[in-house]
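Heavy-atom basis, side chains included; hydrogens, waters and symmetry copies ignored. Counting convention: from 1, in listed order, for ligands and their atoms alike.
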Amino acid sequence: MAQVTLRKVVKKYDEVLAVRGIDLDIADKEFIVLVGPSGCGKSTTLRMIAGLEEISGGDIAIGGDVVNDVPPKDRDIAMVFQNYALYPHMNVYENMSFGLKLKKTPKDVIDQRVKQAAQILDITELLDRKPKQLSGGQRQRVAMGRAIVRDPKVFLFDEPLSNLDAKLRVQMRTEIKKVHQKVRTTTVYVTHDQVEAMTLADRVVVMNGGLIEQVGSPNDLYHSPATKFVAGFIGSPAMNFITCQLEQTAGALRVRLNDTLSFPVPADRTARYTAHVGKPSLMLGLRPEHITETKPHTESNQHDFDMVIDVVEPMGMETLVYFTVNGREVCGRVNPNAGAEAARSMKLRADLSNMHLIDDSTGKVL
Ligand code: ADP
């Protein structure tokens with residue numbers, strides 16, 4: 001078990017600056033997920049930790065030792081890929097024990113570790129089967145088993161679930177979390193799927209354009225995004241962004257969306273926002289769940305408004321409603337029994353205590 005440290009790590013492929021000098025401290029036993037859109041540099045970062053890519057600048061340390069020049073096989077890491085790379089002619093037991101055999105580990109130690117890993121992963125009854133006799137989810141488990149038996153300092157996962165169907169992905173996600181709760185090995189996991197990132201990680205690292213946008217617990221990122229990018233990337237349906245202006249009237253602030261729609265800013269935000277009164281390029285960020293149907297009881301900072309609904313999407317436990325403000329589509333989440341109908345006006349409620357104010361010129365949440 002070990003901590004992993006990245007200091008000013010850079011990766012250049014000829015002209016492409018894939019990773020632009022990132023710093024990251026991963027604690028011992030921590031489950032870290034690197035997430036971001038395609039091309040943001042997350043796989044490159046993982047591959048540099050693994051030693052599969054040389055770094056162009058900076059330092060990477062595992063367990064306190066700088067490993068920049070250490071070959072992958074000597075880094076004491078185990079990697080699980082999306083194509084499980086199981087040997088087709090070996091059964092599950094042989095696949096799991098192969099790496100240990102190469103390292104001349106005593107037979108009884110191998111046997112004990114394979115059986116223990118098989119138990120953790122609930123694949124004991126599959127040990128005699130060949131990979132082609134296994135389902136996708138079972139193969140995924142064997143690939144994890146092969147990593148576990150090596151008892152490495154760090155597990156590295158590169159989009160391990162992307163070849164599975166939607167239902168199995170959700171199931172395997174839970175399996176991976178359970179395994180980590182049992183073995184507690186430091187884990188770095190790459191995915192483009194923000195739900196996977198949120199559900200698995202102790203801390204999520206959101207990457208964009210070769211840089212780290214924000215590092216935080218899933219709840220931190222969701223409730224206190226530092227940038228518009230993170231605010232829009234984490235959460236589904238995504239946070240609404242509406243152009244707005246900040247007005248000061250008699251000591252109180254209002255966020256004005258247009259001539260007919262404005263809301264008072266919560267009093268506890270006044271000090272933070274006053275400097276931005278009158279600024280151009282401001283945006284109000286409000287998650288869909290903070291736009292609901294109106295209710296009999298009103299909490300502070302909740303404000304009702306009327307809106308013509310464009311589209312209604314029943315989801316079962318809730319209904320999504322879409323309407324247009326300042327030329328942008330805005331999504332709200334209402335009760336299925338709230339009577340939402342397309343092309344009809346509806347009384348909605350915005351909960352401004354969960355508002356975000358964004359400077360669209362810098363992308364920063366204010
Ligand atoms: P992600 O995993 O986030 O999708 P990658 O780390 O694979 O992104 O890639 C980051 C950037 O580096 C992309 O612009 C990609 O095109 C580029 N890149 C990745 N691998 C290579 C390579 N072997 N040669 C040249 N460019 C590469």
- Note on the structure: Near C40 (heavy-atom distance under 4.0 Å), the atoms of ligand 1 are 1 (P), 3 (O), 8 (O)
- Task: Tell me, with the steps shown, if L34 and V188 meet side chain to side chain contact (heavy atoms under 4.5 Å, CB included).
- Result: CA-CA 7 Å; L34 306 180; V188 188; 4.1 Å; yes
- Item | From the candidates G41, S43, G210, the one that places a heavy atom nearest atom 7 (O) of ligand 1 | S43
- Could you check N258, T243, N240 and say which one makes a side chain to side chain contact (heavy atoms under 4.5 Å, CB included) with V325? N258
- Message: Cation-pi check for F31 against K177: NZ or CZ below 6.0 Å from the six-membered ring centre and within 45 degrees of the axis, yes or no?
- Response: no
- Query: In the protein, what heavy atom is nearest to atom 27 (C) of ligand 1, and what distance, to one decimal place, separates them?
  - Reply: Y13 CD1, 3.2 Å
- Note on the structure: shortest atom 13 (C) of ligand 1-to-protein heavy-atom contact is with G39 O, 3.8 Å
- Query: For P37, is the nearest heavy atom under 4.0 Å from an atom of ligand 1?
  - Reply: yes
- Within 4.0 Å of atom 16 (O) of ligand 1 (strictly less), any protein heavy atom? no
- Message: Quick test of your reading of the structure: of L34, V16, T44, V35, whose heavy atom lies closest to atom 5 (P) of ligand 1?
- Response: T44
- Message: Can a side-chain donor-acceptor contact be found between E313 and Y322 if the only test is distance below 3.5 angstrom?
- Response: yes
- Message: Please determine whether any non-hydrogen atom of G36 lies less than 4.0 Å from an atom of ligand 1.
- Response: no
- Item | Charged tip of R129 within 45° of Y93 ring normal and under 6.0 Å | no
- Go through ligand 1 atom by atom and flag the ones less than 4.0 Å from a non-hydrogen atom of A18. 10 (C), 11 (C), 12 (O)
- Message: Please report whether ligand 1 has a polar contact with K42, defined as an N or O pair separated by less than 3.5 Å (distance criterion only).
- Response: yes
- Message: We want to know whether N301 and D351 form a side-chain donor-acceptor pair, criterion being a heavy-atom distance below 3.5 angstrom.
- Response: no
- Answer with yes or no whether the side chains of Y189 and E196 bring together a donor and an acceptor at under 3.5 Å. yes
- Query: Could any protein non-hydrogen atom be found less than 4.0 Å from atom 11 (C) of ligand 1?
  - Reply: yes
- Query: Is there a donor in the side chain of N208 and an acceptor in the side chain of E213, or the other way round, less than 3.5 Å apart?
  - Reply: yes
